[in-house]
Amino acid sequence: MRFKMIALALMVCIGAMAQKKNWNTKPYPYNNPVVKHMYTADAAPHVMPDGRVWMVTSVDHEEGGNYATMHSYHTFSSTDMVNWTDHGEVLSVWDVLGDDKEPEGEDWALWAPDMIYRNGKYYLYFPVRILHKDHGYDEKKRKTESYIAVAVADAPDQRFKVINPKIEGTRGIDPAVFIDDDDQPYLYYGSHYGAKLKENMYELDGKPVHMKVDDEHFMEAIWMNKREGKYYVSYHAHYGKPIDPENPDDPNRLKSLLNYGVSDNPLGPFKYGGTLNYELGVNVNEGPKLPGYDYVPWRLYQSNHGGIVEYHGKEYLFYHTSALSSWRQDEFKGPGTWTQRSVCIDEIKYKPDGTIVPVQQTLTGVEKVEEKQAFEIQLNDAELQGAKRDRKGIVSNAKKACLLFDDVDLGSGYYYFGCKVKQAANAKVEVRLDHMEGLLLGALSLSPESSTINKGIAETFLRGAKGKHTLCIVILNEEENEIKLSDFRVFAGNAN
Ligand code: FUB
């Protein structure tokens, strides 16, 4: 037995380092991972204005294996969480370098990205990770450099164009972008950093905050999720004790989890909440077990990267495993290697007190989402408080005005609100549930330029817009300049 354990530990270690060939062409027999024709990692999911869930992913390769060969991003979209369309490569390292060459002695790679919609544009945030080869690949001596860059496109399936090759003030990898209900965008990255983004979305607004997360295992891969008014930061937590060949299942052994913390503030401090996702391949009930053991062949201790999205009443964790490459390499007969990862999706469940139940990793994946509601709700004839109607829309110069739309059926979720800005000024437009002080679902920040930006169309993401309600559009207009708005829409309730 002792010999068997030592042999297994060695197999796992050697397996994790060596590059195995992916020779097995048999169709992969399970639903998770969701993309099977290529290797995808580091998924970042969001609901976009077309009502689909989009994710941008890093790409792992058949050859090369090591993370220094990660050079591009793909986007994928789905209407049901099960079937995913590959929209192809949207950015590569060559778009960043501007020509076909890496500078002498440097090895450039693009790691975990994120993508978000704002004011008619899609912004792709990505880390540039440069390995200086002066000391070869000697782990201890080599120098690496990393920072965050931004690219922009008019649609999430188009080629992105770099608009800021290095966001000043950033250092580190794994950017995640989050827009709060008051319309303030935030960028998270590296180990513990969070910062406000300027309205232009490609510069930090002030100094980054070194966020307090009370978990000594915090490592990287921040994701921000807001639920019922609380900010949930989740991240890759690394436990560093090496595997003891005498005790390979020691719970304190080298491993990677996703843990989370909770706060009332998007920049923390965060109180440790627990584990969101166990080690990859652990806690999997179904499927094959490694011969002679009670765990799956792709149980791996390295890297764990998550993204969370709410879609029509359920929350989903996007993470990656190497189940697919393990199948291609050994048909599940030996331990998987950490060479290629693939995106999996499973449901997140909460306890009534708001704590997260660690995700049950599955091979079957999640149930199909089937929505029958209309794509768009056209809003007509609001009751006006502090505003009046003219031929072109709603006009107001009051400090605070309110448009009340009765009986709006938001069903299982409508994800965007929009309107036309005919005459603009510095003001805030808030979308609230039921009344002027009701739950804030989203907001628009208007400026004198808003009537020309995105052809005057202003849009915001709505968080938590479901069920039948009165919708209250509050116009906060401190300077009391005249504002004219029209064509109010609530949309993305179904896939376009
Ligand atoms: O995929 C490359 C790197 O591995 C990511 O940036 C990390 O989060 C880890 O997943």
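Whatever order the structure lists them in is the order used to number ligands and atoms, beginning at 1. Position 1 is the first residue of the sequence, and the numbers go up from there.
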Q.
For a quick test of reading the model, state the closest non-hydrogen atom pair linking Pro127 to Trp111 and the distance between them.
A.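 Here Pro127 and Trp111 meet closest at CD-O, 3.2 Å.
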Q) Would Ala41 count as a contact of ligand 1 if the rule is a heavy atom under 4.0 Å away? A)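 Per 4.0 Å heavy-atom rule, Ala41 does not contact ligand 1.
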Q: Examine ligand 1 and decide if any of its atoms is less than 4.0 Å from a heavy atom belonging to His320.
A: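 Within the 4.0 Å threshold, so yes.
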Quick check on contacts: which atoms of ligand 1 are under 4.0 angstrom from a heavy atom of [X]?
{"X": "Arg341", "answer": "1 (O), 2 (C), 4 (O), 9 (C), 10 (O)"}
{"X": "Met70", "answer": "1 (O), 2 (C)"}
{"X": "Ser303", "answer": "9 (C), 10 (O)"}

For [X] and ligand 1, does the shortest N/O to N/O distance drop below 3.5 Å?
{"X": "Tyr67", "answer": "no"}
{"X": "Trp111", "answer": "no"}
{"X": "His305", "answer": "yes"}

Q: Quick one: look at His236 and ligand 1, take heavy-atom pairs under 4.0 Å, and tell me if it's side chain, backbone, both or neither.
A: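 No part of His236 comes within reach of ligand 1.
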Q: Evaluate whether atom CZ of Arg171 has more than 12 neighbouring non-hydrogen atoms of other residues, nucleotides or ligands under 6.0 angstrom away.
A: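 No, CZ of Arg171 has 12 or fewer neighbouring heavy atoms, counting only those of other groups under 6.0 Å.
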Q. Does atom NZ of Lys289 have more than 12 heavy-atom neighbours, drawn from other residues, nucleotides or ligands, at distances under 6.0 Å?
A.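 Yes, NZ of Lys289 has more than 12 neighbouring heavy atoms, counting only those of other groups under 6.0 Å.
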Between [X] and [Y], ring centroids under 6.0 Å:
{"X": "Tyr414", "Y": "Phe491", "value": "no"}
{"X": "His312", "Y": "Tyr415", "value": "yes"}
{"X": "His46", "Y": "Tyr117", "value": "no"}
{"X": "Tyr30", "Y": "Tyr28", "value": "yes"}

Q. Considering only the protein, which heavy-atom contact is closest to atom 6 (O) of ligand 1, and what is its distance?
A.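 Here the closest protein heavy atom is Asp174 OD1, 2.5 Å.
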Q | Heavy-atom nearest neighbour in the protein, as seen from atom 1 (O) of ligand 1, with distance rounded to 0.1 Å | A |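 Protein heavy atom with the smallest distance to atom 1 (O) of ligand 1: Asp42 OD2, 2.5 Å.
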Q. Looking only at side chains, do Asn22 and Gln329 share a donor and an acceptor under 3.5 Å apart?
A.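 Distance-only check passes for Asn22 and Gln329.
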